[in-house]
Structure formats: C-alpha cells, structure tokens
Amino acid sequence: MELKIKSEKQYHDYYKKSIENPEKFWGEIANNFTWHKKWNSVVEYDFTIPKIEWFKGAKGNITENCLDRHLETIGKKTAIIWEPNNPKDKAIHLSYNELHKKVSQFANVLKNNGAKKGDRICLYMPMVPELAIAVLACARIGAVHSVVFAGFSSKALASRIDDAKCSILLTADGAFRGSKTIDLKSIADQALEMSSSIETTIVLKRINSDITLTKNQKWWHEEVKNASETCQAEIIDAEDMLFILYTSGSTGKPKGMVHTFAGYMVNTAFTFQNVFQYEKDDVYWCTADIGWITGHSYIVYGPLLQGATTLMFEGIPTFPDGGRFWEVVEKHKVNQFYTAPTAIRALEKFPLELVTKHDLSSLKVLGSVGEPINEEAWHWYDTHIGKGKCPIVDTWWQTETGAMMIASLAGITPQKPTFATLPMIGVQPVLLDENGALIKTNPAEGRLAIQFPWPSIARTIYGNHQRYKETYFSTFKGKYFTGDGALRDENGFYRITGRVDDVVIVSGHNLGTAPIENAIDEHKKIVECAVVGYPHDIKGNALYAYVILYDNVIGDDTLKKEINNLISKQIGPIAKCDKIQFVTGLPKTRSGKIMRRILRKIASNDMENLGDISTLLNPDCVKSIISERL
Ligand code: PRX
C-alpha cells in the first residue's frame with residue numbers, strides 16, 4: 001500500500017481501513033520500509049497495564065531507513081541544509097552520501113568511547129549539523145539518545161543525566177544565539193559536578209571559546225579524525241528504545257518519555273509525508289530546536305525517512321532583524337515551512353516591510369505546532385506569508401504521541417482557522433465529560449482522549465512505568481488521556497482549547513508549574529508560592545507567580561529579580577515569571593490544596609467567574625489578591 005495519500009477520498013479510505021483493521025493497514029504501510037526481519041504481529045496492547053507493542057518481532061535500524069536505503073537513488077541529493085546563526089556565515093549542504101559517512105563516522109567515535117546498544121547518551125548541543133549527526137549516530141549503534149534542549153540550566157541537565165543514567169555527554173564549547181553567545185561548556189561542567197553517571201564528555205568546537213578540557217573530556221574533532229567512515233548499523237528489535245525525551249509534568253520531576261524504534265519510524269515518516277505533501281525536490285523547513293519532539297520527528301527522522309531536504313536553523317527569528325525567517329525562506333527557496341504560533345505572533349509585530357521585501361513565492365505549505373493558533377495569527381500567516389495560496393496545517397500532537405495526531409493534509413483535507421481539524425490515520429480521538437462519559441454528539445466540548453494505540457505512542461516513562469500509567473491511563477479507564485481540552489464542531493473537526501492540568505504552554509514550551517514553584521520555594525525569604533499561566537499576546541501564555549514572604553521581608557524589584565534568577569538556574573530562562581505578586585495568603589481548600597483555578601482567573605483578569613469561594617479555608621485572601629493584582 002502506497003504511503004502517500006493524494007486525495008480527500010483516499011484520506012477517508014485510509015482512515016476507515018486503519019480503524020476497521022489496524023493490523024492489516026499498518027502492516028501494509030510498514031512494508032514501505034527496510035527491515036532485516038518482518039514482524040510477527042502488528043499491534044498488541046492493553047491500556048490497563050499499560051503495555052503497547054507495535055511490529056513485535058521485527059528487526060532493523062532507523063538509520064538504514066533514513067540513510068542507506070536512499071543512497072542508490074538520491075545519494076547526491078541534499079539531506080540537510082544548515083543555516084547558521086549569522087547570515088554572513090556560509091550555509092552548509094550535506095548530501096545523503098555525506099550524511100551517511102558522517103553518521104557512520106560519529107557512530108564509530110561513540111563505539112570507540114565504549115558506547116554500545118542500549119546505553120543512554122545525553123546531547124546538550126547547539127543547533128548545528130553535528131547535533132543531527134550525533135542523534136543518528138546513537139541510533140546507528142542502537143544507543144538511546146536523550147537530547148536536552150540547550151536552553152536548560154545545569155541543574156535541569158544534571159537531573160536528566162542522572163534520571164537516564166547517561167554514560168556519555170555530547171556538548172559544545174558554546175552556542176551562538178542571535179547576538180549572544182551561551183557558555184554551554186561551563187553549564188555542562190556544573191551539571192557534571194551535580195550528576196554521577198557520565199564517564200566521557202565529547203566537546204564540539206563551535207564558538208572557539210578559550211576552554212580547557214579536564215580528565216575524561218575530549219575534543220569532537222580529535223575523535224572524529226581517526227574514526228572510520230563505515231559503520232554497519234546495529235540491528236535492533238522493533239520495541240527497543242530509540243530515544244528518551246523529557247517533558248514537563250504536573251509534579252516537579254520531568255518525565256523521560258521513551259520512544260521505541262519501529263512504530264515511531266513508520267508513523268513519523270507517514271505523517272511527515274502526508275501532512276506536508278512533500279514532493280521530491282522540495283526544501284522543507286521546521287524552525288523548532290532538535291531539543292524538542294518537533295525537532296526529533298520533523299527535522300530529523302520524518303524528513304530523512306522520506307528522502308527530503310530538511311533545513312536546520314541555528315539562529316533565532318529576530319536576529320539580525322525580525323525578517324530573518326523570510327530571508328531564509330527566500331535564500332533556500334523553502335517549500336514547506338513549519339513553525340510555532342508564538343513565533344508568528346512575535347514576527348507580526350515587526351514592520352510588514354520585513355516580510356514583503358523577500359520573495360516568498362517558493363512556499364507551498366505552512367504549518368503550525370505547539371499551542372493553539374489564535375484567529376488573528378492564523379490570518380496574518382495566511383495572508384502575509386502564504387499570500388492566501390498556501391494551505392495551513394495546524395498540527396496537534398505531543399512529546400508523548402511522537403507524531404502528529406490531529407491535522408489536515410495540506411491541500412487535501414479541508415482547513416479551518418484555529419482548528420487542527422481531523423484525526424490522522426489510525427488516530428481515534430474521543431471527547432469525555434468530567435465524569436469520564438463519552439460525548440457522542442456534535443458540536444461538543446470536553447477532555448480529549450485517544451481510545452486506541454497508534455504506532456508512535458511513547459511506551460513508558462523511563463524508570464517509572466507506574467507514573468506513566470497514572471498520568472495517561474488512569475483518568476479515563478482504557479483510554480490515553482492527553483491532558484488537553486478540545487471542541488468538536490458539527491463536521492467532527494477538532495479545535496484544541498489548551499491544557500486542563502497544571503502545565504502551561506509558554507512560547508510553545510510545555511512547562512509544569514510545580515517545578516517552577518519548587519524553584520521559587522528554595523528562596524530563603526519565601527514561605528510559599530503558586531504559579532499559574534495567563535494569556536499573553538506573543539507568548540500565548542505567560543507565568544504569574546503569587547508569592548508569600550516571611551514577616552519583615554520587603555517584596556521589591558530586587559527580590560523579583562532574585563526569584564527569576566533562581567528559576568533560570570534551576571530550570572532555564574524559558575521558565576521565568578513575567579509577573580510576580582507578593583501576597584499574604586493563597587486561596588486554599590479545606591484540605592489545604594491551593595486553588596490554582598481561582599488564581600488563574602485572577603491572573604487572566606476574569607474576576608466575574610471566580611465561582612463559589614465561600615467554601616475556601618481563607619476566602620478573605622482572594623479580595624486582597626484581587627485588589628493588588630498586577
Ligand atoms: O497542549 C497541547 C499543545 O502542546 C502540548 C504538547 O506539548 P509538547 O509535548 O511540548 O509538544 C509540542 C509539540 C508537538 C499539547 O498537549 N499543542 C501542541 N500542538 C498544538 C497544541 N495545542 C493546540 N494546537 C496545536 N496544534
């Protein structure tokens with residue numbers, strides 16, 4: 001069965017087949033890939049344990065599918081275009097042949113440093129080609145990559161290294177970020193002091209900073225020099241771990257979502273192809289960082305599996321000016337452009353001339369991911385970037401889902417502003433009310449759950465299967481709970497309304513409020529705090545902290561700065577609070593639980609819908625919080 005869907009009718013036909021007989025359907029789709037051994041069964045699952053297995057018994061390697069199988073046909077085609085932070089520096093084009101060699105070579109470096117199948121390798125790196133190469137090199141030898149976004153703090157890095165017991169750390173001397181440089185190496189060194197499992201650190205020279213390496217630290221270029229460019233792929237089982245990627249939860253500890261090889265491969269390739277309608281000579285650009293799931297699935301794996309040319313961008317949208325994205329689109333004649341609503345909202349604020357001076361006529365498809373896209377941003381994107389002729393695919397999915405779950409297929413299925421629209425093939429979304437009852441009528445609003453597994457669902461939380469069960473499979477029995485709320489219109493189109501738990505999406509980054517509160521609570525002058533999200537023009541949501549101070553402590557701007565510095569140190573600058581209000585009490589239930597719902601309403605200036613506060617332990621504090629609201 002062809003992997004490509006070419007018409008709306010075919011979408012409905014595939015969808016029907018994927019629901020009526022998932023085994024047959026996905027088995028036929030999986031036949032499009034290279035395997036060393038085919039599966040014994042397509043899907044086995046039990047959401048109550050939970051246990052999920054796809055293509056059990058199959059053997060292969062994802063890098064053979066990303067690289068080796070393309071060499072004969074498109075070996076000379078550009079696999080990766082790398083656009084550096086500084087537009088004055090030269091872009092790099094790596095062909096499939098070259099990428100294959102570089103991945104094999106770095107796979108040998110990893111082996112020479114003792115890495116073997118199943119070992120966890122942590123990557124804390126800038127957006128340079130070596131990051132993609134290293135990710136693939138891990139996969140080549142069956143090692144498990146754990147990429148940590150380079151904006152995270154040393155403490156966040158250390159806790160992720162320890163959680164996965166990574167034995168090798170791959171990092172760089174620094175990173176360029178717009179006009180700034182970030183001292184990655186010293187952050188990594190601090191993390192190494194706080195963690196215990198790393199045996200070897202390999203350091204890439206990116207900014208040529210003046211650093212010296214200590215024991216067990218090696219230079220990337222030295223290691224690569226003597227490594228062979230041939231490395232046979234390790235043959236792994238369908239359900240062997242491919243990678244771990246951490247995501248925030250509603251408790252302090254990040255969750256290491258585990259993705260396994262075969263199902264992830266089949267579904268990222270399938271969704272990439274069909275949502276973006278990639279054609280043979282297209283240049284595709286996803287602006288995410290490889291430190292997030294979007295980068296894993298739709299910069300590296302999905303595009304390379306489909307033999308696409310994928311663009312990797314090292315910089316930021318506003319350097320050297322707010323027209324950089326459009327300059328890059330023009331320069332590399334980008335055909336599919338995939339970004340986040342927060343970037344669109346930020347770029348809308350710049351003079352339109354920064355858009356119009358660039359030739360964007362190469363664009364065919366626009367994509368959105370990471371948070372709900374508001375109507376205004378949708379229309380700006382459509383009118384000014386797509387010039388009204390590019391379909392917009394609003395793709396809803398999660399770190400946990402591995403691949404897109406609800407999205408339209410560009411130019412094939414209908415689009416509707418602010419709606420992610422229809423489920424992807426094989427995805428069975430349902431809406432439930434607060435009591436867990438299925439809502440069958442349309443239109444409807446409820447909590448979004450999925451009632452059947454799809455191939456790229458995360459299989460567990462690393463080292464904590466119980467938490468996996470509690471987080472995703474306990475709210476609604478027999479279903480995967482997404483944590484999101486959604487609307488469904490009369491045509492069955494879905495619109496995601498946002499998180500219904502204590503996770504806030506800030507600038508497209510998924511942040512749990514609990515770890516931020518923990519960071520603030522570490523301040524000696526602070527008794528207690530609560531952090532909530534509130535709507536923000538550009539970021540989508542921003543963070544609002546309510547903080548109780550010890551007696552005789554003055555809440556001033558210096559203290560606010562200290563609080564944000566603490567957050568930066570513990571988590572990273574992305575988690576800073578835009579507003580910090582010093583309060584004398586926080587609204588609590590009689591059992592002592594902070595009523596974040598009320599605080600969210602106050603932060604959002606939605607005081608009319610506070611609900612009944614008379615049952616609170618301390619209703620009086622609400623009045624004073626409102627009167628001093630920022
Ligand atoms: O709330 C949803 C929101 O982002 C959450 C997942 O975050 P993360 O695991 O970091 O993955 C982001 C990239 C896939 C979801 O639970 N979200 C993601 N995409 C959309 C979205 N909300 C609305 N519309 C989207 N297209």
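By convention here, the first residue in the shown sequence is residue 1. Whatever order the structure lists ligands and atoms in, that order sets their numbers, starting from 1. Because only heavy atoms are used, hydrogens play no part in the values below, and waters and symmetry mates are left out as well, while side chains stay in. Small disclaimer: the values here were computed from a predicted structure and weren't measured.
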Should you measure from each heavy atom of [X], which atoms of ligand 1 turn up under 4.0 Å away?
| X | value |
| --- | --- |
| D394 | 24 (N), 25 (C), 26 (N) |
| W397 | 6 (C), 14 (C), 15 (C), 18 (C), 19 (N) |
| T395 | 19 (N), 20 (C), 25 (C), 26 (N) |
| V369 | 13 (C), 14 (C) |

Identity of the nearest option to atom 15 (C) of ligand 1, non-hydrogen atoms only, from V503, I373, T418, D484: D484

Shortest protein heavy-atom distance from [atom], along with the residue and atom involved:
| atom | value |
| --- | --- |
| atom 11 (O) of ligand 1 | T399 N, 3.7 Å |
| atom 13 (C) of ligand 1 | T294 OG1, 3.4 Å |
| atom 5 (C) of ligand 1 | I505 CD1, 3.7 Å |
| atom 19 (N) of ligand 1 | G370 N, 3.1 Å |
| atom 20 (C) of ligand 1 | E371 N, 3.5 Å |
| atom 7 (O) of ligand 1 | N510 ND2, 3.1 Å |

Test item, G498 contacting ligand 1 (heavy atom, 4.0 angstrom): no

Taking the ring of F152 and the ring of Y246, is the distance between their centroids below 6.0 Å? no

Salt bridge present between [X] and [Y] (N-O < 4.0 angstrom):
| X | Y | result |
| --- | --- | --- |
| D502 | R600 | yes |
| D484 | R499 | yes |
| D394 | K416 | no |
| R447 | D433 | no |

Listed pairs under 3.5 Å, donor-acceptor, residues 364-373 side chains, sequence neighbours left out:
{"from": "K364", "atom 1": "NZ", "to": "E279", "atom 2": "OE1", "distance (Å)": "2.7"}
{"from": "K364", "atom 1": "NZ", "to": "D282", "atom 2": "OD1", "distance (Å)": "2.9"}
{"from": "K364", "atom 1": "NZ", "to": "D282", "atom 2": "OD2", "distance (Å)": "3.1"}
{"from": "E371", "atom 1": "OE1", "to": "R345", "atom 2": "NH2", "distance (Å)": "3.0"}
{"from": "E371", "atom 1": "OE2", "to": "T342", "atom 2": "N", "distance (Å)": "3.2"}
{"from": "E371", "atom 1": "OE2", "to": "R345", "atom 2": "NH2", "distance (Å)": "3.3"}

K601: partners by side chain to side chain contact (heavy atoms under 4.5 Å, CB included), with sequence neighbours left out: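 Only D606, N609, L610 meet the side chain to side chain contact (heavy atoms under 4.5 Å, CB included) criterion with K601.
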
Could you tell me whether K479 sits above the aromatic face of F476, with NZ or CZ closer than 6.0 angstrom to the six-membered ring centre and within 45 degrees of the axis? no

